[in-house]
Every structure is written in structure tokens, then in C-alpha cells.
S.K.: 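My questions all concern the structure below.
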Amino acid sequence: GAVVSQHPSRVICKSGTSVKIECRSLDFQATTMFWYRQFPKQSLMLMATSNEGSKATYEQGVEKDKFLINHASLTLSTLTVTSAHPEDSSFYICSARRDYEQYFGPGTRLTVT
Amino acid sequence: GENVEQHPSTLSVQEGDSAVIKCTYSDSASNYFPWYKQELGKGPQLIIDIRSNVGEKKDQRIAVTLNKTAKHFSLHITETQPEDSAVYFCAASYSGGGADGLTFGKGTHLIIQP
């Protein structure tokens with residue numbers, strides 16, 4: 001149990017375009033999901049907390065207008081990177097909370113050219 | 001906010017030996033301490049966790065200990081095997097409902113030498 005999927009697994013886009021990443025909890029419902037970013041050989045940094053049916057909470061320094069989060073159901077959260085630039089290239093990983101544990105998706109590798 | 005320090009950054013051990021990774025945290029309100037294993041290009045996998053109401057937890061070859069007074073916790077892997085090679089992250093959070101995203105350590109690259 002506690003399987004989290006992400007789609008797509010990798011995406012390449014041109015500078016200035018927008019990209020949507022989906023995060024799904026497959027076998028449990030998650031009122032809370034999280035989005036993290038990980039640069040090569042670095043740790044995971046929390047970007048935002050996504051709560052079903054309400055606005056996301058963003059960490060300090062994360063632009064909410066650039067990283068749009070929608071948590072429309074108990075099994076789906078989406079992250080949209082708007083007007084992407086090369087510096088947004090990174091590994092984006094979501095997690096879903098079940099009780100007090102967090103289960104992570106496989107990640108999405110975003111490359112902005 | 002919370003700050004988690006993790007040591008060592010790289011750990012090389014002979015197959016069959018034990019490995020220990022240590023973390024310290026700064027926020028005394030943190031009460032949940034998970035450990036994750038991450039293989040290259042994949043998402044982190046939860047391997048064991050501990051809550052602040054216990055001092056030790058064990059699951060087969062893996063154990064975690066917690067010292068709340070000193071604000072440090074450790075991961076112990078016994079009888080290491082080649083498939084244990086990966087990057088291990090410790091994390092901390094206050095699990096009291098609401099926003100409780102994890103603060104991660106910088107990771108330990110564990111290398112199991114055959």
C-alpha cells in the first residue's frame with residue numbers, strides 16, 4: 001500500500017512555456033500533499049503544502065504565481081510551472097501524507113531549454 | 001525554522017559490516033523523524049520512522065534511535081548488502097496536523113564494498 005505516482009516522469013520544454021505535473025495517491029486518500037524540488041546531488045527542499053479544497057501554502061522564497069498548485073480531489077494534486085526558465089530545471093517530487101507518514105512519488109525531471 | 005544536520009556525507013563499508021548515519025535537529029517541537037532511501041533518478045522510499053514518544057525502533061536489519069534531550073537520531077543498518085548502496089536522507093517535522101512538510105538533512109551516500 002501507499003503508492004504515489006507522478007506524470008510525466010520527464011519533460012523537456014522551451015523557455016517561456018508552462019508545464020503541468022500530476023501527483024496521484026493510488027491506493028489511499030490524501031488530504032495533504034507536498035511538493036519538493038531537488039537539484040543534482042542535493043537534498044530535497046519543500047516548496048509548498050497542498051491541501052485538498054483550499055489554497056496551497058508556499059515556503060518562503062517560492063513564488064506562488066510561478067508555481068501554481070491545485071489539489072482538486074483527495075487523490076490528485078497538480079503543480080504547474082508557469083513561464084518556465086532554464087533555472088527552473090530540476091527534479092520535482094511530490095509526497096502524499098497518510099496518517100503522519102509521507103510517501104513520495106518517483107519524481108519528474110524538468111529540463112527547460 | 002527547523003534545521004537538520006546529517007553526517008557523514010559519504011560512508012563506505014564492507015559488505016556484512018554495520019553502517020551508522022547520524023542526524024541532529026534544532027527545533028525541540030519536532031516529533032516525527034523518518035529515514036528515506038533514494039536510488040539514482042528515483043523518488044525517496046520510506047524505510048523506517050520514529051516518533052518522539054519512543055527511543056528506539058527496529059525493523060529487521062534496520063533500526064533507528066532517538067535522543068530527544070540531545071536532539072539527535074541515528075540510523076543503524078546491520079549485515080549490509082550491496083543493494084543497500086544508495087543515498088539516505090534523514091528528516092524531521094512537527095506532525096501535529098496542518099502544514100508539516102519535512103525538513104531534510106543533506107544526505108549520506110552509502111557505498112557497500114563487496
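Because the structure is a prediction, the values reported are computed rather than measured. Chain identifiers are assigned alphabetically (A, B, ...) following the order of the sequence lines, protein sequences preceding nucleic acid strands; residue numbering begins at 1 within each chain.
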S.K.: Anything under 30° is parallel, anything over 60° is perpendicular, the rest tilted; go ahead and classify F33(B) against Y25(B).
M.R.: tilted
S.K.: Measuring heavy-atom distances to chain A, does L40(B) have an atom under 4.5 Å in its side chain, in its backbone, in both, or in neither?
M.R.: neither
S.K.: Which bit of Q38(A) is near chain B, if near means a heavy-atom gap under 4.5 Å: side chain, backbone, both or neither?
M.R.: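 Contact with chain B involves the side chain of Q38(A) alone.
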S.K.: Measuring heavy-atom distances to chain B, does L44(A) have an atom under 4.5 Å in its side chain, in its backbone, in both, or in neither?
M.R.: both
S.K.: L75(B) pairs by side-chain contact (heavy atoms from CB on, under 4.5 Å) with which of I48(B), T65(B), T108(B)?
M.R.: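 The passing option is I48(B).
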S.K.: Between P34(B) and chain A, which part of the residue has a heavy atom less than 4.5 Å away: side chain, backbone, both or neither?
M.R.: neither
S.K.: Do you know which of R109(A), E101(A), M45(A) has the most heavy-atom pairs under 4.5 Å to chain B?
M.R.: E101(A)
S.K.: Given that the side chain runs from C-beta out, which part of F104(B) has a heavy atom under 4.5 Å from chain A: side chain, backbone, both or neither?
M.R.: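 Both parts, backbone and side chain.
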S.K.: Of the backbone (N, CA, C, O) and the side chain (C-beta and beyond), which part of Q42(A) lies under 4.5 Å from a heavy atom of chain B, both, or neither?
M.R.: backbone
S.K.: Do other residues, nucleotides or ligands put more than 12 heavy atoms under 6.0 Å from E79(B) CD?
M.R.: no
S.K.: Look at the side chain of Q6(A) and the backbone N and O of Y92(A), then say whether any donor-acceptor pair between them is shorter than 3.5 Å.
M.R.: yes
S.K.: Looking at Y100(A), does the NZ or CZ of R51(B) lie under 6.0 angstrom from its six-membered ring centre and within 45 degrees of the ring axis?
M.R.: yes
S.K.: Is a side-chain N or O of Q6(B) found less than 3.5 angstrom from the main chain of G107(B), in a donor-acceptor match?
M.R.: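 Between the backbone of G107(B) and the side chain of Q6(B) there is a qualifying donor-acceptor contact (under 3.5 Å).
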S.K.: At a 4.5 Å cut-off on heavy atoms, which part of Q38(B) comes close to chain A: side chain, backbone, both, or neither?
M.R.: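 Only the side chain of Q38(B) comes within 4.5 Å of chain A.
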